[in-house]
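Just so it is clear, the model here is predicted, and its values are computed rather than measured. Below, chain A is the first sequence line, B the second, and so on; all start at residue 1.
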Amino acid sequence: VVSWSAMLSTYAYGGEADGAKACFESMPQRNVVSWNTMVVALVGTGDGAGQAKQLFWRMPSWDAVSWNAALAVTADGGDVSGAAAIFENMPERNATAWMSMISVYAQHGHLQGAGEIFERMKQQDRGCAAADSAAAWNSMVAAYAKAGHAKAAIEVFEAMQVDGVAPDASTFVILLTACSHQGLLEQCCYYFTAMIGDHGVTPGMDHYSSMISILGRAGQVDRAAEVAEAMPIRGD
RNA sequence: AUCCUGGGUU
């Protein structure tokens, strides 16, 4: 079952819905992972969302991954309230569910909804993986960043540290680009430096390219070149 | 083996 499911996900990855279907149907046995993989495989093909939803409801049983997949499919169709309904009716909410729901709201500009989910997560899930993970906070930082509220994003960034959660590499990618979109050049440089010095995060290609593009847009070609020089590896 | 956070382009 594991190898068949692995094969199935290979089809899914390549966007080959037909191959995935054939594979799914010829499997000797299917478990919940196979079903989940198939549901995801259908997404992004023609009327895939509808088919994925149908398949989802035909599943013999669901796990947390299944529900999250259904949530994602619904949200991709732009159906925010539908996604919210699935979220509310999920038997179990893992870290992924919380983060997905936050980002669904954020992507549709519903900052308040995102904030409410975030608060609920912190209350219901404290001590568990979700609320303590940088990723969960990242989705909230990103929510504000996306809305163009760099200042609020920075506040969340600071709040996470007060809560004892260490920002990770992704946090800084979000933060740097949020500042750049707001034209907060000096803040970018500040956080880039702090990231390395105070947080012990090694800058990756993502961070370098953010910095270079920010500096470039600000006309600071010399500083952009300096950053590029400092890269340990050759860039793209 | 399957869902999920985050940037640049859309």
Participant: Name the orientation class of the two ring planes belonging to A:Phe56 and A:Trp67 (parallel below 30°, tilted from 30 to 60°, perpendicular beyond 60°).
Facilitator: perpendicular
Participant: Could you run through nucleotides 3-9 of chain B and give me one letter per nucleotide, 5' to 3': B if any protein heavy atom sits under 4.0 Å from the base, S if only the sugar-phosphate is that close, - if neither?
Facilitator: BBBBSS-
Participant: Is the distance between the ring centroids of A:Phe24 and A:Trp35 under 6.0 Å?
Facilitator: yes
Participant: Less than 4.5 Å apart, side chain to side chain, heavy atoms only: is that true for A:Ile214 and A:Cys179?
Facilitator: no
Participant: Heavy-atom contacts under 4.0 Å between residues 147-160 of chain A and RNA chain B, which residues?
Facilitator: none
Participant: So, applying ring-ring contact (aromatic ring centres under 6.0 Å, His included) with A:Phe118, which one of A:Trp98, A:Tyr105, A:Trp137, A:Tyr144 is it?
Facilitator: A:Trp137
Participant: Any side-chain heavy-atom pair from A:Asn68 and A:Ser66 closer than 4.5 angstrom?
Facilitator: no
Participant: Excluding sequence neighbours, so at least two apart, what forms side chain to side chain contact (heavy atoms under 4.5 Å, CB included) with A:Ala142?
Facilitator: A:Ile174
Participant: Which pairs pass side-chain hydrogen bond (donor to acceptor under 3.5 Å, both in side chains) with one or both residues in residues 159-168 of chain A, sequence neighbours excluded?
Facilitator: A:Asn138-A:Asp168, A:Gln161-A:His199, A:Asp168-A:Thr171
Participant: Give a yes or no on whether A:Gln112 atom CD has more than 12 heavy-atom contacts from other residues, nucleotides or ligands under 6.0 Å away.
Facilitator: no
Participant: Once pairs are restricted to Watson-Crick or G-U wobble with both distances under 3.5 Å, how does RNA chain B read as a dot-bracket string, [ ] for crossings and | for other-strand pairs?
Facilitator: ..........
Participant: Pull out every residue in residues 5-32 of chain A that has a heavy atom closer than 4.0 Å to any atom of RNA chain B, ordered by number, or say none.
Facilitator: A:Ser5, A:Ala6, A:Ser9, A:Asn31
